[in-house]
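Everything on this sheet refers to the single structure shown next.
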Amino acid sequence: MCGELRASDAGKQVVLMGWVNRRRDHGDLIFLDLRDRSGITQVVVDKSRSGEALEKAEAARPEYVIAAIGEVRAREAGLENPNMPTGDIEVVVSELLLLSDAKTPPFSPAEDAIQNEELRLQYRYVDLRRPEMQKNFVVRHKVTQAIRAQLSGEGFLEIETPVLTRSTPEGARDYLVPSRVHAGHFYALPQSPQIFKQILMVSGFDRYFQVARCFRDEDLRADRQPEFTQIDLEVSFPTQDMIFGITERFVKAAFEAAGETINTPFLRMTYDEAINKYGIDKPDMRLPAMANLTDVLTPELRETLKIEAALPVYGFVIPGVGELSGTARKSLLSEIRTFFGDSGLDALDLVRLRTAEQFVPLAEEIGSHLNATTVAFNGNNFTADDLAVVITPKLGTPEMWNFDRQWIPKRVGALRLELAKKFADKHQLFEKKGTPDDYKFLWVTDFPMYEFNEEKKTWDAAHHPFTAPHEDDIKSGALYNDKGAVRALAYDVVLNGLELGSGSIRIHRKDVQSEIFRSLGMSDEEARERFGFFLEALEYGTPPHGGIALGIDRIVMLLAGANSLREVIAFPKTAKAIDLMVDAPSLPTEMQMRELHLKTTVRS
RNA sequence: GGGGACGUAGCUCAGUUGGUCAGAGCGCUGCCCUGUCACGGCAGAGGUCGCGGGUUCGAGCCCCGUCGUCCCCGCCA
């Protein structure tokens with residue numbers, strides 16, 4: 001292929017087929033760069049060798065598909081191109097075939113990425129020709145193959161589950177597909193294979209996995225598409241540690257397939273710890289934790305800093321920010337106030353903002369505490385280049401932060417991320433160093449079982465309603481009288497602040513499952529209506545089981561160094577869930593509507 | 001549902017205070033060129049300034065609306 005020939009191939013007769021990347025026309029001598037997914041080779045068409053070939057080369061334009069028949073020749077000294085892997089050779093053409101001509105594309109695959117993503121998506125087939133995109137899909141292929149090989153090697157069976165099915169328990173909006181045969185009835189596309197994989201456990205396939213397409217009709221983000229791919233697995237007779245081990249091994253295999261080394265086992269942290277130290281359930285471990293300074297501050301310090309005795313105080317450090325000018329500090333302060341200032345509730349006040357060396361003695365204790373936290377969590381030293389930020393609520397609003405203990409750490413954690421993002425580009429905070437430390441994996445464990453729904457005044461399942469509660473929290477009775485305190489056997493795997501996947505140990509006893517449905521305010525009838533088949537399955541001999549699902553798109557995105565899933569999905573959708581190439585969604589014909597027993601309230 | 005950025009030639013973008021402001025580079029087309037590799041030279045074509053309305057003697061520029069793309073919040077594991 002075009003990218004494979006080397007000096008050792010000199011003298012060989014070859015046929016190269018590919019796209020014209022560039023043409024350099026010297027009159028009676030024409031160079032064509034021929035491109036396929038393996039790379040680019042220079043093809044030389046010399047009139048003195050073949051006048052016919054030269055005529056065809058003159059007619060060739062970028063993106064024509066051609067076949068070049070000729071001999072591989074080592075380039076003469078001084079004519080090599082050290083910038084190309086094939087730069088030591090060229091193919092001297094004896095015959096040229098124009099296999100396909102091409103309109104001038106709206107942008108050239110020979111160029112680097114163009115800015116106009118609308119055009120890229122509309123002409124995706126041209127965009128995908130770009131070596132960068134081809135590289136991404138090679139990575140994607142290698143990653144999925146490595147995962148398949150690893151899991152197969154550990155005794156997992158790959159089993160497919162339906163796409164036309166009924167609502168799954170994740171709680172996002174469903175994509176619905178009308179049934180022609182059953183008037184007024186709809187299939188739902190699965191938000192995950194959750195129920196099926198659990199039933200596969202009931203069926204005795206004790207180790208299942210699937211590269212599964214999932215569908216969720218929610219608004220998009222750079223890291224969220226309406227359809228995405230998960231590596232989904234489930235295991236019978238598991239422990240949490242078993243799931244963690246399996247996951248760590250296949251993630252390691254996936255990263256190695258992409259040429260990256262990572263550290264295992266992953267770090268672990270409980271949900272509570274994550275909220276308290278990072279203010280978020282998916283901490284970016286490349287940044288030092290924040291510190292709760294509330295109990296650290298002496299009365300004298302509080303006096304000096306004018307912080308009332310009872311007020312909580314949080315601090316955090318953004319590393320590598322460097323010296324800030326007075327103006328920069330002022331504008332940063334006002335940015336922080338803007339950040340906090342919208343809701344009225346979160347009227348926090350910034351009391352001190354200094355680089356470390358400017359810490360006056362009175363504030364040293366803050367610095368040293370932040371430093372200790374930093375050392376404890378990141379192995380870094382706290383230096384003068386680090387930016388220390390200390391946050392406390394405004395005076396006179398104590399009831400505000402008492403109703404929800406997580407409220408302040410979450411806000412401060414959000415600011416921490418915001419500032420990190422702000423300084424990241426300037427100070428290369430997240431630049432890869434080519435070491436395993438580029439990838440900070442983390443297990444977040446012991447998620448709460450329930451979360452309170454403020455609007456409906458009910459308790460919802462934080463994960464999904466098949467998640468098993470902690471044994472201890474069943475025994476202690478918390479399950480019945482203190483829902484907010486119940487911990488679930490649910491876990492997330494987080495990489496550099498991005499949620500890669502989540503899973504749980506499931507409920508395998510029908511009585512516990514019914515109790516959970518009840519506690520979620522779901523009546524027996526409702527539970528039967530939605531999941532009756534599943535509850536029944538549980539009654540026919542269910543092994544303890546649990547599993548996890550990781551987003552392959554996100555893994556590949558990180559490995560490809562991309563900022564958006566669209567770079568690693570061949571035919572992705574826009575922020576409004578439109579496929580610009582095929583122009584989907586589209587209006588059905590009247591005939592289709594009739595057959596499907598549908599009427600729409602919208603006029604076309 | 002809300003907030004922000006962007007929209008001028010195929011692409012990337014410039015366009016000042018409303019008055020030669022319809023421009024550049026790349027690409028494209030034609031001609032020339034036997035050692036280029038982002039080839040080079042000469043010539044040329046190419047515009048509903050996203051769309052609609054308004055203000056004005058006059059709008060790419062100001063106002064209102066609308067559409068599209070991207071980012072974020074809400075939402076979503």
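Side chains are part of it too, since the values below use all heavy atoms of this structure and drop only hydrogens, waters and symmetry mates. Sequence lines set the chain letters: A, B, ... in the order given, protein chains first and strands last, and positions in each chain run from 1.
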Rounded distance in Å - [atom1] ([X]) to [atom2] ([N]):
| X | N | atom1 | atom2 | result |
| --- | --- | --- | --- | --- |
| A:Asp219 | B:A77 | CG | P | 13 Å |
| A:Asp28 | B:C31 | CG | C1' | 14 Å |
| A:Asn563 | B:U69 | CG | C1' | 17 Å |
| A:Arg224 | B:C75 | CZ | P | 10 Å |
| A:Leu32 | B:U34 | CG | P | 16 Å |
| A:Gln225 | B:C71 | CD | P | 9 Å |
| A:Lys103 | B:G27 | NZ | C1' | 16 Å |
| A:Leu233 | B:A77 | CG | P | 19 Å |

query: Under 4.0 Å: is that the gap between some side-chain N or O of A:Lys576 and OP1 or OP2 of B:G68?
result: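 True: A:Lys576 side-chain N/O within range (under 4.0 Å) of B:G68 OP1/OP2.
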Could you tell me how far [M] sits from [N] if I compare only their [atom1] atoms? Round to whole Å.
| N | M | atom1 | value |
| --- | --- | --- | --- |
| B:C26 | B:G50 | C1' | 23 Å |
| B:G3 | B:A77 | P | 25 Å |
| B:C67 | B:G27 | C1' | 28 Å |

message: If I compare all heavy atoms of A:Thr86 with all of A:Cys2, which pair ends up nearest, and what's the gap?
response: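 Heavy atoms only, the tightest pair is CG2-O, 3.7 Å.
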message: For A:Phe466 together with A:Phe534, are the ring centres under 6.0 Å from each other?
response: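 Between A:Phe534 and A:Phe466, the centre distance is under 6.0 Å.
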- request: Please find out if less than 6.0 Å separates the ring center of A:Phe244 from that of A:Trp443.
  value: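 Distance test on ring centres: under 6.0 Å, yes.
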Is the shortest distance from a Lys or Arg side-chain nitrogen in [X] or [Y] to a carboxylate oxygen in the other one below 4.0 Å?
| X | Y | result |
| --- | --- | --- |
| A:Arg224 | A:Glu218 | no |
| A:Arg487 | A:Asp272 | no |
| A:Asp9 | A:Arg6 | no |

message: Can you say whether a donor on the side chain of A:Arg566 sits under 3.5 Å from an acceptor on the base of B:C70, or the other way round?
response: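 Per atom types, no contact qualifies.
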query: Below 3.5 Å, does any donor atom in the side chain of A:Arg61 face an acceptor in the base of B:G27, or the other way round?
result: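 Answer no: no donor N or O sits under 3.5 Å from an acceptor.
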Counting only Watson-Crick pairs (N1-N3 plus N6-O4 or O6-N4) and G-U wobbles (N1-O2, O6-N3), all under 3.5 Å, who is the partner of [N]?
| N | result |
| --- | --- |
| B:A9 | none |
| B:U66 | B:G50 |
| B:C28 | B:G44 |
| B:G18 | none |
| B:C76 | none |

CD-CZ distance between A:Gln191 and A:Phe228, expressed to the nearest 0.5 angstrom: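 Interatomic distance, A:Gln191 CD to A:Phe228 CZ, rounded to 0.5 Å: 8.0 Å.
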- prompt: What distance do A:Ser504 atom OG and A:Leu489 atom CG have between them, rounded to the nearest 0.5 Å?
  reply: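 Taking OG in A:Ser504 and CG in A:Leu489, the distance rounds to 8.0 Å.
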Let's see if you can work this out: which of [options] has an atom nearest to the side-chain heavy atoms of [X]?
| X | options | value |
| --- | --- | --- |
| A:Gln42 | B:U36, B:U34, B:G74 | B:U36 |
| A:Ser564 | B:C71, B:A77, B:U36 | B:C71 |
| A:Arg221 | B:A77, B:U36, B:C73 | B:C73 |

message: Name the residue from A:Arg140, A:Gln225, A:Gln230 that meets the side-chain hydrogen bond (donor to acceptor under 3.5 Å, both in side chains) definition with A:Asp553.
response: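 Only one option passes, and that is A:Arg140.
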Under 3.5 Å, N/O pairs linking protein and nucleotides 39-44 of chain B:
| residue | atom | partner | partner atom | Å |
| --- | --- | --- | --- | --- |
| B:C39 | OP2 | A:Arg24 | NH1 | 3.1 |
| B:C39 | N4 | A:Asp25 | O | 2.2 |

query: Is A:Asp579 reaching over with its side chain to a backbone N or O of A:Ala584, donor-acceptor style, under 3.5 angstrom?
result: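 No; judged by distance alone, with no hydrogens or angles, the pair does not exist.
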message: Heavy atoms only, 4.0 Å cut-off, all strands: where does A:His463 land among base, sugar-phosphate and nothing?
response: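 Base contact - A:His463 has a heavy atom under 4.0 Å of at least one base atom.
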message: Considering every strand and a 4.0 Å limit on heavy-atom distances, what is the contact class for A:Thr574: base, sugar-phosphate, or nothing?
response: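 Sugar-phosphate, no base atom in range.
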- request: For nucleotides 7-12 of chain B, just jot down a letter per nucleotide in 5' to 3' order: B, S or -, based on protein non-hydrogen atoms under 4.0 Å.
  value: ---SSS
message: Whether the A:Gln210 and A:Tyr208 side chains hold a donor-acceptor pair (N or O, under 3.5 Å, no angle test) is what I'd like checked.
response: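 Side chains of A:Gln210 and A:Tyr208: pair found under 3.5 Å.
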- request: Check RNA chain B against residues 65-82 of chain A and give the residues with a non-hydrogen atom under 4.0 Å, in numerical order.
  value: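 Contacts with RNA chain B under 4.0 Å: A:Arg73, A:Arg75, A:Leu79, A:Glu80, A:Asn81.
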